[in-house]
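Side chains included, hydrogens not; waters and symmetry mates left out as well; all remaining heavy atoms used. All residue numbers in this chain count up from 1 along the given sequence. Each ligand, and each atom within it, is numbered from 1 in the order the structure gives. The structure displayed is predicted, hence computed values, not measured ones.
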Amino acid sequence: MPERVITNDAMEKIVETSDEWITSRTGIRARHHAVEGEYTSTFATAAARLALSRANLKPEDLDLIICATVCPDQALPSTAVLIQSQLGAKKAAAFDLVAACSGFVYGLTVASQFISTGLYQNILVIGVEVLSRYVDFTDRTTCVLFGDGAGAAIVQRSTDANRGVLATRIQSDGDFAPVLYIPGGGTKIPASHDSVDGRQHFIKMKGNELFKVAVRSMEDTARQLLDEQKMTINDIDLFVPHQANQRITDAVAERLGVSLEKVYSNIAHTGNTSAASIPICLDELVESGRLTPGTTLLMTSFGAGVTWGGILMRW
Ligand code: ACO
């Protein structure tokens with residue numbers, strides 16, 4: 001049975017790597033892996049229950065559940081409806097959203113549109129991944145990077161005109177699809193003995209080709225959002241980028257000129273949890289008292305697709 005917390009020392013026993021390489025190239029010291037009996041919907045439901053209790057809501061109050069993930073429990077039905085059933089959220093519509101590491105930013109953007117139109121009042125947005133079930137533990141270039149996790153948020157109309165989502169932006173460029181993908185398991189390469197023998201069901205990534213695009217797109221998004229609101233980076237209290245690599249976070253922060261104490265990073269103990277990374281950061285920030293009403297927050301994301309985006313909000 002796998003261990004829950006996988007340190008870099010533990011990784012050294014799995015593939016030819018070193019704590020020194022992983023720490024200096026990525027900033028990661030440990031990541032969490034789901035254990036037997038845990039999978040995407042169980043992670044997501046636990047995060048959702050926490051979000052509901054903090055928002056003082058019952059599952060029946062939910063109008064919509066958006067589950068951002070690239071790690072569904074199974075191909076059919078969506079993981080969102082499995083979460084709906086586990087929660088007992090009888091009234092809610094539910095669907096999955098596939099945007100890799102940008103999933104939570106995409107999900108919040110979609111949710112904020114439904115709130116703006118007045119169609120829905122209470123929307124649950126979950127970012128969840130169990131990538132440990134998709135990484136190839138013989139491939140040191142990917143298996144050291146990813147961790148499992150979930151985070152959830154309830155989106156409602158703000159009663160205070162000065163608080164809430166100020167601006168959102170989501171973008172994608174499918175020309176980069178071959179740089180980060182899982183070849184098998186879909187309609188193009190259905191599961192077969194050959195696909196399993198050929199390790200086609202695992203993540204393939206050209207990490208160094210993504211590095212520059214990640215930095216550039218997150219920087220551009222941040223600038224566009226700030227320009228749109230006629231704000232500067234100095235107006236931001238907290239910058240929460242997707243946690244892909246500490247060097248990517250540092251490079252984006254440096255280009256934007258955001259002071260280091262405003263940049264949140266937890267990659268050292270989470271690894272890259274893809275769609276779960278930003279909501280896990282938000283949870284840690286709320287728990288530690290750093291994210292309080294009135295905080296001006298900038299989030300940016302980048303992931304497979306490639307997809308990217310950002311949200312500027314006043315908490
Ligand atoms: N341990 C030891 N050595 C390693 C490891 C490892 N775990 N992994 C790679 N190496 C070696 C390589 O084999 C290579 O050796 P060589 O020079 O002898 O050929 C050397 O280290 C350098 O490899 P690079 O890939 O060039 O290393 P780089 O500095 O680019 O770091 C990394 C790799 C961490 C993947 C980085 O490129 C990165 O973070 N890229 C961005 C990833 C990203 O943003 N992904 C998108 C989000 S994920 C999502 O959407 C699900």
Side-chain angles (χ1 to χ4, degrees), residues 6-31 40 68-72 97-107 127-150 170-183 201-219 221 241-252 265 267-268 270-281 299-310:
I6 314 294
T7 61
N8 289 350
D9 288 348
M11 272 293 166
E12 288 177 7
K13 298 188 180 78
I14 299 172
V15 276
E16 195 188 330
T17 188
S18 65
D19 175 47
E20 198 281 326
W21 191 96
I22 303 171
T23 309
S24 63
R25 295 294 182 118
T26 72
I28 300 167
R29 294 181 184 275
R31 70 292 285 148
T40 303
T69 191
V70 291
C71 306
L97 189 156
V98 181
C101 302
S102 298
F104 187 75
V105 164
Y106 267 59
V128 55
E129 307 286 9
V130 183
L131 282 164
S132 63
R133 306 266 157 87
Y134 290 95
V135 295
D136 183 346
F137 285 97
T138 67
D139 175 9
R140 67 178 183 175
T141 67
T142 52
C143 73
V144 302
L145 303 174
F146 297 104
D148 302 338
I170 51 173
Q171 285 181 263
S172 46
D173 184 350
D175 289 349
F176 284 90
V179 188
L180 176 51
Y181 68 118
I182 298 172
H201 298 274
F202 294 123
I203 293 175
K204 317 282 177 196
M205 180 171 86
K206 294 184 187 129
N208 47 10
E209 289 185 31
L210 286 169
F211 199 100
K212 279 186 200 147
V213 196
V215 173
R216 197 175 55 235
S217 54
M218 286 203 280
E219 181 197 359
T221 301
H242 165 54
Q243 310 285 306
N245 184 319
Q246 188 59 44
R247 289 188 295 141
I248 292 177
T249 296
D250 292 346
V252 177
S265 170
I267 195 167
T270 61
N272 178 351
T273 60
S274 185
S277 98
I278 289 181
I280 291 173
C281 290
M299 301 173 255
T300 58
S301 69
F302 173 84
V306 291
T307 56
W308 69 97

Give me the residue, atom name and distance of the protein heavy atom closest to [atom].
atom                    : result
atom 49 (C) of ligand 1 : Cys101 SG, 2.6 Å
atom 1 (N) of ligand 1  : Thr17 OG1, 2.6 Å
atom 4 (C) of ligand 1  : Trp21 CE2, 3.3 Å
atom 14 (C) of ligand 1 : Arg140 NH2, 4.9 Å
atom 41 (C) of ligand 1 : Gly207 O, 3.5 Å

Nitrogen or oxygen of Phe302 less than 3.5 angstrom from that of ligand 1 = no
inquiry  = Tell me whether Ser274 has any N or O atom under 3.5 angstrom from an N or O of ligand 1.
reply    =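 Between Ser274 and ligand 1 (N or O atoms, distance only) the closest approach is not under 3.5 Å.
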query = How does Ile203 reach ligand 1, if at all, at less than 4.0 Å between non-hydrogen atoms: by side chain, backbone, both, or neither?
reply =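 Neither part.
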ask   = Is it the side chain, the backbone, both or neither of Leu180 that has a heavy atom closer than 4.0 Å to ligand 1?
value = side chain
Which option out of [options] puts a heavy atom nearest to [atom]?
atom                    : options                      : result
atom 39 (O) of ligand 1 : Thr273, Asn245, Val306       : Asn245
atom 30 (O) of ligand 1 : Asn208, Asn8, Asp19          : Asn208
atom 28 (P) of ligand 1 : Gln246, Glu12, Arg25, Gln243 : Arg25

request  = Please check if any side-chain donor atom of Thr17 sits under 3.5 Å from a side-chain acceptor atom of Glu12, or the reverse.
outcome  =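 No, Glu12 and Thr17 have no side-chain donor paired with an acceptor closer than 3.5 Å.
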ask   = In terms of side-chain heavy atoms, does Gln171 have a donor or acceptor partner in Thr221 at a distance below 3.5 Å?
value = no
Candidates Thr141, Asp139, Leu145 - the one meeting side chain to side chain contact (heavy atoms under 4.5 Å, CB included) with Met205 = Leu145
inquiry  = Testing Asn272, Thr300, Ile267, Val105 one by one against His242 for a side chain to side chain contact (heavy atoms under 4.5 Å, CB included), which residue passes?
reply    =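 The side chain to side chain contact (heavy atoms under 4.5 Å, CB included) with His242 is passed solely by Asn272 among Asn272, Thr300, Ile267, Val105.
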inquiry  = Surrounding CZ of Arg29 (heavy atoms of other residues, nucleotides or ligands, distance under 6.0 Å), is the total greater than 12?
reply    =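 At most 12 heavy atoms, drawn from other residues, nucleotides or ligands, come within 6.0 Å of this atom.
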